[in-house]
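Worksheet for the structure shown next.
Model, not experiment: these values are computed from the prediction. Throughout, protein chains are lettered first and strands after them, A, B, ... in sequence-line order, and every chain is numbered starting at 1.
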Number of protein chains: 2
Amino acid sequence: MDSKIFSLKSKLEVYKAMTGGGNFADCPVRDVIQGISGKWSSLLVMALAEKPYRFGELRRLVPDISQRMLTQTLYDLQRDGYVHREVFPTKPPSVEYSLTDLGRSMFAPLQMLIQWAELNHDAVREARVAFDAAQA
Amino acid sequence: MDSKIFSLKSKLEVYKAMTGGGNFADCPVRDVIQGISGKWSSLLVMALAEKPYRFGELRRLVPDISQRMLTQTLYDLQRDGYVHREVFPTKPPSVEYSLTDLGRSMFAPLQMLIQWAELNHDAVREARVAFDAAQA
DNA sequence: AGTGCTGGTCTCTTTTTGAGACCATCGTTC
DNA sequence: GAACGATGGTCTCAAAAAGAGACCAGCACT
């Protein structure tokens with residue numbers, strides 16, 4: 001792990017990085033973030049961070065993903081270089097998905113967000129309840 | 001900031017946290033993550049981390065968001081407790097959006113991911129090009 | 001011959017998103 | 001005094017994305 005990702009920048013610097021210096025569209029950072037902010041991407045990266053999985057295993061692990069979205073999300077993750085796909089010539093052929101080095105390096109900061117969520121999901125749930133009560 | 005979010009857990013622990021101990025559906029961590037993994041959520045949190053903004057300012061800052069999605073994403077962020085909405089009785093009324101304490105505490109780990117993206121967007125772009133070339 | 005497992009694709013329906021018109025009110029301008 | 005712009009939205013309709021489930025080929029086992 002490169003420790004530089006832990007060296008905090010000022011909010012303004014981060015802001016400029018994401019916006020591309022004042023222009024929110026056509027920004028590479030935003031492009032990368034949106035690539036991993038899909039509904040299933042982080043979940044699959046998380047699963048594969050534990051160990052490599054085969055297609056059917058992932059499907060059983062995440063029961064509420066459709067086969068279609070599993071195929072497509074894995075394809076997108078592979079295209080962006082986070083996931084490696086390997087076909088084994090068994091009968092029938094089996095396919096194993098695993099994180100690449102890039103994927104593992106991305107999982108490190110993602111883990112921070114997951115830990116935050118773990119510590120704060122109560123606060124979020126309470127905020128929702130309070131908000132819905134105030135609306136009614 | 002609670003420094004505990006920086007104390008790394010094992011991958012397996014994180015995995016169990018997100019899956020709810022083996023069950024990927026009905027998991028509070030996953031619920032929170034999916035709430036902030038929408039297409040526009042992180043972008044708006046980022047903008048508001050710099051300073052509070054008014055509705056129209058956000059719209060001009062993020063030119064490719066529709067008014068409809070801006071309204072709805074801000075509503076969702078407010079409901080989950082990340083964003084505070086304040087109406088000022090000017091003529092016509094103006095509305096200011098700002099991060100709550102919860103929103104600011106969530107922005108800290110999000111920032112890690114943004115920094116990772118900033119450092120690695122070249123690698124991702126190259127992976128895409130290589131993948132597309134291999135497919136053709 | 002029938003059944004199951006593999007990792008998908010194809011089609012159809014429902015949900016989500018995007019594009020753009022419309023709205024009420026007030027201040028300013030012509 | 002009538003037109004215009006700015007405020008922060010909502011409403012409708014079209015397009016895109018996602019979910020549900022049928023289907024497929026090949027081989028093993030019974």
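Under the 4.5 Å side-chain criterion, counting only non-hydrogen atoms from C-beta, B:Leu70 is not in contact with B:Gln72. Side-chain contact check for A:Val83 versus A:Leu99: some heavy-atom pair is nearer than 4.5 Å.
Taking the nucleotide of DNA chain C with the nearest heavy atom to each of A:Gln67 and B:Ile65, the more 5' of the two is matched to A:Gln67. Nearest-nucleotide positions on DNA chain D for A:Pro92 and A:Gln72 put A:Gln72 closer to the 5' end.
Listed nucleotides: D:dC27, C:dG7, D:dG8. Nearest to the side chain of A:Lys91: D:dC27.
For the OP1/OP2 pair of D:dG19 and a distance below 4.0 Å, the side-chain nitrogens and oxygens of A:Trp40 include at least one atom meeting the criterion. Taking 4.0 angstrom as the limit, B:Arg60 places none of its side-chain polar atoms (N or O) nearer than this to OP1 or OP2 of D:dG8. A:Tyr97 has a side-chain polar atom (N or O) that falls below the 4.0 Å cut-off from OP1 or OP2 of C:dG8. B:Lys39 has no side-chain polar atom (N or O) that falls below the 4.0 Å cut-off from OP1 or OP2 of C:dT16.
Side-chain rings of A:Tyr75 and B:Phe131 approach one another, their centers coming within less than 6.0 Å.
Heavy atoms of A:Arg54 sit under 4.0 angstrom from primed sugar atoms or phosphate atoms, though from no base atom.
A salt bridge links B:Arg128 with A:Asp31: at least one charged nitrogen is closer than 4.0 Å to a carboxylate oxygen.
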